[in-house]
J.: 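Below is the structure I would like to discuss, written out as structure tokens.
Below, chains carry the letters A, B, ... as their sequence lines are ordered, and counting in each starts from 1.
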Amino acid sequence: MINLESTDKISLISSGTADLDVFASYVDRISSTEVQTPGRKPTAIVTAATTDIVLAPAAGTVRNIKSIVIKNKHASGSQTVTPQINVSGTLYELCSDCILLAGESLVLNDAGVWFHYDANGGVYGQSLPTASDTVVGGIRIATQAEQEGATSTVIAVSPGRQHYHPGSTKFWVKFAGNSTTINASYNMTSITDGTTQATVTIATDFSSADWCVQATAVAAAATAAGARLASCLTMAAGSIIVFCVDGNATTALADPTSWCVAGMGDHA
Amino acid sequence: MDHFTPQLVKFAITMMDGSLQVMSFVTVGRGNRLPWGASWIDSENGLWRRHPTDENVRYEILKTFEDHPEQPQKWRMVDAALIPEDRTFRGAWEDDGEKIIHNMEKAREIHRERIHYARQGKIKELDVAYQRADEDGNPDGKRAVVAKKQILRNLPDATEIRNAKTPEDLKAFWPEDLLGPQPIGLRVELK
């Protein structure tokens with residue numbers, strides 16, 4: 001809140017001729033008796049000038065400012081206004097210069113906060129600085145392209161886009177060695193069991209056949225005969241063929257106990 | 001989110017070369033984007049549903065085999081319970097339109113190949129034994145080795161194999177004393 005004593009007043013600097021309506025509300029309190037009396041002062045400004053909009057109270061009285069409304073009611077012209085307080089002849093600016101476009105308002109509320117309203121009554125927002133390692137501020141969501149670029153350190157990752165990062169796994173699956181059961185999976189649509197191999201089909205394809213597959217065949221036992229060595233064949237943008245052999249000296253194609261297959265690369 | 005297990009239906013796919021592929025077609029899956037033909041059940045948790053319509057299945061099969069060395073000829077949905085559990089003769093599976101069966105001619109050929117594969121090492125061992133017998137001046141030993149080698153050579157032509165009517169008949173013919181342990185059900189020979 002703003003309190004005025006008998007040597008204080010509030011004036012408004014206006015820059016142009018756009019019509020300004022000013023309305024100030026206040027409560028006077030007589031210090032000796034604590035009697036309080038409300039008051040108000042309307043002011044119309046049509047010139048570039050410094051105009052008193054709240055006058056000094058009488059001696060022994062404190063004038064508590066409840067609100068000041070400064071409205072540019074011109075149809076098209078703008079005004080730059082600067083509220084200031086005159087304390088015993090010394091001027092102090094109460095807020096920054098404010099450019100009021102046609103229909104806009106500058107309002108001081110009871111808490112002493114200034115708001116700049118646009119012609120539709122919306123409040124002009126504060127501009128946040130961009131957050132960084134050392135600055136507290138605003139942060140926006142990374143786009144798919146930004147996530148794929150993987151370089152920014154000042155934008156946030158959302159759950160629906162984190163997988164676009166080149167270091168993120170794009171699909172994975174665990175399925176039985178006889179390809180009858182899919183135990184768990186993400187972003188894949190089928191397993192096809194062949195005579196000596198299995199084909200994993202991916203839901204969202206990679207952008208080309210150049211992606212990285214990680215395939216592990218779970219062994220039947222910790223022996224050469226039980227070991228399973230995974231291999232892959234025919235990588236396409238949307239599928240991969242996997243097969244494995246046992247660990248014997250003379251290897252043979254063999255089903256593993258189960259398969260674990262995953263892929264990383266660029267999504268289409 | 002609790003552990004998620006995809007839901008599946010099975011398709012028997014007959015390939016141009018006569019072999020059989022069995023597809024586990026996911027009908028309820030999880031991912032960040034919808035697969036072709038799918039719709040969200042719970043988009044916040046990435047759960048989608050995809051009905052096994054002719055169009056969706058065709059799309060999935062053509063996509064799966066796009067760069068495959070073999071191409072599909074026909075397919076149909078099959079009951080998972082009717083898919084053989086024993087994969088000893090997986091390469092002999094065929095779809096007769098009602099169930100998945102073993103083509104016994106193929107199964108016999110697979111069994112003969114396994115015998116070829118298993119006996120290679122045994123014949124090499126017998127070659128060494130023959131050499132020793134020869135160095136020892138042991139004609140009886142040499143004759144015994146020759147006889148064993150001939151038995152091994154004759155094994156693929158055994159009447160038990162020619163007359164086998166089922167995969168169990170084939171599995172029953174495996175002279176372990178000559179060939180060593182029979183390959184387990186999941187094993188497929190190296191071609």
Side-chain angles (χ1 to χ4, degrees), chain A residues 159-164 170-171 173-205 209 220 225-226 228 233-241 243 245-246 248-257 267-268, chain B residues 3-8 10-11 13 15 19-26 29-38 43-44 46 48 50 56-57 59-61 63-70 72 80 83 85 87 90-93 110 114 117 120-121 181 183-191:
Chain A
R161 293 195 182 137
Q162 67 84 25
H163 61 276
Y164 289 115
K170 301 301 189 289
F171 85 92
V173 60
K174 183 185 176 193
F175 61 99
N178 58 12
S179 306
T180 58
T181 306
I182 299 175
N183 304 104
S185 70
Y186 176 81
N187 192 31
M188 52 78 59
T189 52
S190 67
I191 300 293
T192 303
D193 170 58
T195 303
T196 59
Q197 58 199 213
T199 305
V200 177
T201 302
I202 306 161
T204 302
D205 292 2
R228 296 293 182 263
L233 185 69
T234 313
M235 292 182 71
S239 65
I240 177 76
I241 297 175
F243 68 96
V245 297
D246 62 28
N248 284 324
T250 307
T251 57
L253 294 164
D255 283 335
T257 303
H267 255 171
Chain B
H3 173 73
F4 168 74
T5 300
Q7 295 180 22
L8 317 167
K10 302 289 188 179
F11 283 86
I13 303 169
M15 308 298 283
S19 64
L20 184 73
Q21 301 257 351
V22 178
M23 174 179 278
S24 298
F25 180 94
V26 177
R30 187 179 174 200
N32 55 288
R33 285 155 72 172
L34 279 178
W36 198 90
S43 59
E44 284 195 10
W48 48 260
R50 182 182 58 160
N56 286 345
V57 173
Y59 179 91
E60 185 72 15
I61 289 175
K63 178 178 176 180
T64 295
F65 293 101
E66 184 176 354
D67 290 322
H68 216 266
E70 290 296 332
I83 299 171
E85 289 187 12
R87 291 165 65 84
R90 171 64 180 87
W93 289 7
I110 290 171
R114 289 197 176 125
Y117 176 76
Q120 284 172 22
I184 57 175
L186 291 176
R187 187 186 175 105
V188 181
E189 65 288 343
L190 187 68
K191 293 199 182 284

J.: Which bit of A/Tyr164 is near chain B, if near means a heavy-atom gap under 4.5 Å: side chain, backbone, both or neither?
T.: side chain
J.: Write down the atom of B/Glu60, the atom of A/Ser190, and the distance for their closest heavy-atom approach.
T.: OE2-OG, 2.6 Å
J.: Tell me, do B/Trp48 and A/Thr189 make a side-chain contact under 4.5 Å, heavy atoms counted?
T.: yes
J.: Between A/Ser239 and chain B, which part of the residue has a heavy atom less than 4.5 Å away: side chain, backbone, both or neither?
T.: side chain
J.: Would a 4.5 Å heavy-atom cut-off, applied to side chains only, mark A/Ser185 and B/Val26 as touching?
T.: no
J.: Please answer whether the main-chain N or O of A/Asp255 pairs with a side-chain N or O of B/Arg87 as donor and acceptor at a distance below 3.5 Å.
T.: no
J.: From B/Arg33 CZ over to A/Asn187 CG, what is the distance, rounded to the nearest 0.5 angstrom?
T.: 8.0 Å
J.: Side-chain contact test, heavy atoms from C-beta onward, threshold under 4.5 Å: evaluate it for B/Pro6 versus A/Val173 and give yes or no.
T.: no
J.: Counting heavy-atom pairs under 4.5 Å to chain A, which of B/Asn32, B/Ile13, B/Leu20 comes out on top?
T.: B/Asn32
J.: Report which part of B/Phe65 has an atom under 4.5 Å of a heavy atom belonging to chain A: side chain, backbone, both, or neither.
T.: side chain
J.: Taking side chain as everything from C-beta outward and backbone as N, CA, C, O, which of these in B/Ile83 sits under 4.5 Å from a heavy atom of chain A? Side chain, backbone, both or neither.
T.: neither
J.: So which of A/Thr201, A/Val200, A/Ile202 has the largest heavy-atom pair count under 4.5 angstrom toward chain B?
T.: A/Thr201
J.: So for A/Ile182, is it side chain, backbone, both, or neither that comes closer than 4.5 Å to the heavy atoms of chain B?
T.: both
J.: Select one option (side chain, backbone, both, neither) describing which atoms of A/Leu233 are under 4.5 Å from chain B's heavy atoms.
T.: neither
J.: For the candidates B/Arg50, B/Gln21, B/Glu66, which exhibits the highest count of non-hydrogen atom pairs separated by less than 4.5 Å from chain A?
T.: B/Gln21
J.: Heavy-atom pairs under 4.5 Å with chain B - which of A/Asp205, A/Thr181, A/Ile240 has more of them than the others?
T.: A/Asp205
